Amino acid sequence: MQDFTGFDPKQAAMDEARALLTRAAEAAAASGALPEKELPAFIVEAPNDSKNGDLASNLAMAGARVFGMAPRKIAEAIAAHLPSLAGTHFTKVEIAGPGFINLFLSPAWYAGVVLAANVQPDYGRTGYGKGERVNVEFVSANPTGPMHLGNARGGALGDCLAAALEWAGYDVTREFLINDAGNQIIKFGKSLAARYLQICKGEDAVPFPEDGYQGEDIRALARAFADANGTAWAEKPAPELQAALVDFALPKNVQGLKDDMAKYRVNYDVWFSETTLHESGAVQRALDKLAERGATYVKDGVVWYRSMQYAAKYGGNKVTRKGQGGEVTDEDKDEVLVRANGVPTYFAADIAYHYNKFVDRGFSRAIDVWGADHHGHVARMKGAMDAIGLDGEKLDIVLMQFVRLMQDGQPVRMSKRTGKAIGLSELLDEVPIDSARFLFNLREPDSVMDFDLDLAVSQDNENPVYYVQYAHARICSILKKLAEDGIAFKGAETAALTLLCEPAEKDLIRHIADFPGEIISAAKNYDPARITRYVTELANRFHKFYNACRVKDAEPGVRAARIALCTAAKNVICSALTLLKVTVPESM
């Protein structure tokens with residue numbers, strides 16, 4: 001039996017179609033039917049309407065200028081010189097309209113798709129990425145507080161993107177950067193200290209920093225510290241108290257981030273501490289490297305990075321973005337890397353961090369998922385990779401637009417239970433995780449998204465994830481009932497799969513054939529929403545097939561083939577949902 005490892009049936013057919021058309025055009029030129037010219041670039045694709053063939057090519061139209069002939073005449077010459085289609089994926093080739101060349105797939109090709117989806121456990125996986133090492137960093141929420149709603153979208157997007165890359169043949173590392181150094185940690189310490197001293201001395205006796213973190217979580221952490229240590233720390237010097245509070249509270253917050261992500265079915269390979277970059281000297285080494293390459297200068301005791309010089313290549317200097325009041329233009333400027341007090345900025349650490357990814361850990365590509373509000377930083381960060389001697393093209397940034405939480409058709413900003421902004425943990429208490437992961441991947445990352453709470457908790461076909469899960473459960477039920485009725489299925493290998501020739505059957509098989517290509521496209525375009533759309537449409541096409549084609553009461557040979565098709569659809573739905581880390585029920 002054929003080895004279906006890494007099998008991509010649609011791509012195989014497209015590659016063969018291209019090869020056949022190329023050979024035919026060369027043969028036509030050799031015979032004098034076409035001028036001896038270099039073939040133009042041409043397209044082979046699946047037309048919108050399968051009545052126009054399973055695949056179609058514009059070779060004749062693309063060659064009109066090159067050959068100096070009417071496209072129809074070119075198409076006729078190519079068709080006349082096609083080699084035998086025996087043993088290929090095709091049964092016939094037709095010319096349509098002004099010169100489209102339409103190719104029709106053979107029953108054997110359709111049968112091969114069904115067989116592959118039955119016998120290859122990981123049908124859909126390919127070797128497209130050739131094992132390239134890719135780092136996907138996503139969420140990287142500030143550890144000074146709980147995760148917010150935007151992290152829900154970032155978590156689902158980043159994790160499912162990483163899964164698509166893995167299925168497409170890349171060697172993927174999921175990473176969370178813990179921002180446990182810099183100004184936010186200083187502010188965190190001061191905020192905790194103020195709340196702790198208020199506990200010890202009374203709120204009126206201790207002012208709270210104007211720029212401090214106001215959340216109830218800060219009060220809770222300060223109270224926990226007080227419960228563990230009493231008031232003994234109230235008389236300690238401020239720096240010592242703040243450091244002790246950070247040492248106490250930060251690990252709890254980081255563990256909270258890990259717990260939230262685990263609850264969300266996101267399991268990181270690496271939790272990378274920013275502090276380690278400073279402690280290991282990596283930040284200073286990056287600064288030295290930039291200085292050696294002339295990418296920095298010193299002015300008034302401040303070390304500056306020549307951002308304007310390097311960011312221009314990536315659209316820097318002037319960046320236009322969408323703001324609440326319309327388009328806003330951000331002027332790029334050179335960036336401070338080391339302040340006058342000798343303390344490196346976050347940007348300096350960020351450069352060292354990405355240098356660590358590429359050089360110290362050997363990733364050939366780094367993908368960062370950022371909120372859209374970081375738009376202006378993209379060109380600067382990519383330019384910094386060039387400045388330090390790397391390739392900014394190897395750093396890709398996925399910008400994710402914000403989420404609006406909706407209920408009863410109205411925006412929801414506050415929790416009815418707590419009166420506070422809804423965070424990730426509370427959202428996952430209210431919404432099934434299956435719904436959250438699926439629905440947050442329904443739209444492209446750069447699309448503003450409305451997350452409908454009513455839809456997310458509904459258990460009907462209006463909810464896309466329920467619709468897909470129901471299709472899987474329905475197929476399981478069908479197969480179970482057939483077995484109970486004594487209809488034994490001996491496996492797709494023994495079925496006459498070439499009998500699957502009804503329009504609804506072929507339509508479903510063509511969609512099953514698209515699965516590997518959709519995963520590759522999701523990986524190439526950094527858009528896992530392609531997977532959710534694909535599997536929703538797969539469920540839709542299965543229902544159409546099952547309503548149009550009898551299974552149990554069909555002639556035994558056709559029945560066996562249709563059972564194999566049901567099993568193929570079930571397996572692909574299972575793989576797609578598993579990729580998305582959505583549960584795959586066998587009954588509902």
Side-chain angles (χ1 to χ4, degrees), residues 138-139 147-161 163-164 260-261 263-266 369 371-372 400-475 511 518 522 527-544 573-574 576-588:
F138 57 103
V139 179
M147 291 201 187
H148 55 73
L149 185 62
N151 301 138
R153 187 178 191 185
L157 167 62
D159 197 37
C160 295
L161 170 58
D260 283 350
M261 286 291 98
K263 180 178 180 180
Y264 202 24
R265 302 174 190 155
V266 178
V369 179
M400 178 187 67
Q401 287 288 350
F402 65 87
V403 178
R404 291 184 301 192
L405 205 59
M406 306 292 288
Q407 191 167 39
D408 299 326
Q410 299 296 320
V412 178
R413 293 183 178 84
M414 298 297 175
S415 165
K416 293 179 181 178
R417 176 161 54 86
T418 66
K420 304 295 181 182
I422 297 175
L424 172 62
S425 181
E426 186 176 2
L427 178 72
L428 298 182
D429 287 339
E430 301 294 331
V431 170
I433 294 171
D434 287 344
S435 286
R437 290 187 63 97
F438 198 95
L439 296 178
F440 276 122
N441 271 305
L442 272 182
R443 301 287 301 277
E444 297 85 350
D446 60 357
S447 299
V448 174
M449 181 178 188
D450 288 345
F451 187 92
D452 189 332
L453 283 170
D454 297 318
L455 179 66
V457 299
S458 66
Q459 296 187 13
D460 57 42
N461 287 339
E462 292 298 313
N463 184 344
V465 69
Y466 181 91
Y467 180 70
V468 174
Q469 288 174 319
Y470 174 72
H472 183 271
R474 184 183 187 189
I475 299 172
H511 197 67
E518 283 298 321
D527 180 19
R530 296 185 73 102
I531 307 300
T532 54
R533 291 195 296 267
Y534 168 84
V535 74
T536 303
E537 179 59 24
L538 177 58
N540 180 47
R541 294 196 192 196
F542 171 78
H543 291 311
K544 288 181 178 179
I573 292 173
C574 177
L577 292 180
T578 300
L579 184 156
L580 297 166
K581 292 185 185 171
V582 170
T583 57
V584 189
E586 295 189 359
S587 63
M588 292 177 70

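Just so you know, these numbers come straight off a predicted model, no measurement behind them. Residues take their numbers from the sequence shown, with the count starting at 1.
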Problem set entry | V139/M147 under side chain to side chain contact (heavy atoms under 4.5 Å, CB included): CA gap, chis, key distance, verdict | CA-CA 9 Å; V139 179; M147 291 201 187; 4.1 Å; yes
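- A side-chain donor-acceptor contact under 3.5 Å links D434 and T583.
- Of the options T532, V465, D527, L161, a side chain to side chain contact (heavy atoms under 4.5 Å, CB included) to N441 is made by T532 and by none of the others.
- Annotation: the span from L428 atom CG to Y264 atom OH amounts to 6.5 Å, rounded to 0.5 Å.
- In this structure, the separation between OG on S587 and NE2 on H472 is 11.0 Å, given to the nearest 0.5 Å.
- The structure places OG1 of T536 at 12.0 Å from CZ of R541, a figure rounded to the nearest 0.5 Å.
- Rounding to the nearest 0.5 Å gives a distance of 4.0 Å between OH of Y467 and CG of N540.
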Exercise. Going through the checks in order, is the side chain to side chain contact (heavy atoms under 4.5 Å, CB included) test met by M449 and R404?
Worked result: CA-CA 6 Å; M449 181 178 188; R404 291 184 301 192; over 6 Å; no
Exercise. Are R153 and Q401 close enough, and set up right, to give a side chain to side chain contact (heavy atoms under 4.5 Å, CB included), and what steps lead you there?
Worked result: CA-CA 9 Å; R153 187 178 191 185; Q401 287 288 350; 4.1 Å; yes
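- Although no hydrogens or angles enter the test, the distance criterion places no donor-acceptor pair under 3.5 Å between the side chain of N463 and the main chain of D460.
- In terms of heavy-atom proximity, G155 sits nearest to V266 at O-CG2, 4.0 Å.
- Scanning for side-chain hydrogen bond (donor to acceptor under 3.5 Å, both in side chains) contacts around H511 gives an empty result, with sequence neighbours left out.
- For A576 against V535, the heavy-atom pair with the smallest separation is CB-CG2, 3.6 Å.
- Shown here is E537, whose CD atom has more than 12 heavy atoms of other residues, nucleotides or ligands within 6.0 Å.
- F438 and P464 make their closest contact through CE2-CB, 3.7 Å (heavy atoms, listed as atom of the first residue, atom of the second, distance).
- Residues E444 and R533 are paired through a salt bridge, judged by an N-O separation under 4.0 Å between the basic side chain and the carboxylate.
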Problem set entry | Residues I573, V584; criterion side chain to side chain contact (heavy atoms under 4.5 Å, CB included); working and verdict | CA-CA 8 Å; I573 292 173; V584 189; 5.5 Å; no
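- For F451, the ring pair (Phe, Tyr, Trp, His ring centres under 6.0 Å) criterion is met by F440, not counting sequence neighbours.
- The shortest heavy-atom contact between H543 and A471 is NE2-CB, 3.8 Å.
- With rounding to the nearest 0.5 angstrom, the CG atom of L442 is 12.0 Å from the CG atom of D450.
- Closest non-hydrogen pair, P432 versus V457, comes out as CD-CG1, 4.1 Å.
- Of all non-hydrogen atoms in A164 and L579, the two that sit nearest each other are N-CD2, 4.2 Å.
- One finds the CG atom of D159 at 4.5 Å from the CZ atom of R437 (value rounded to the nearest 0.5 Å).
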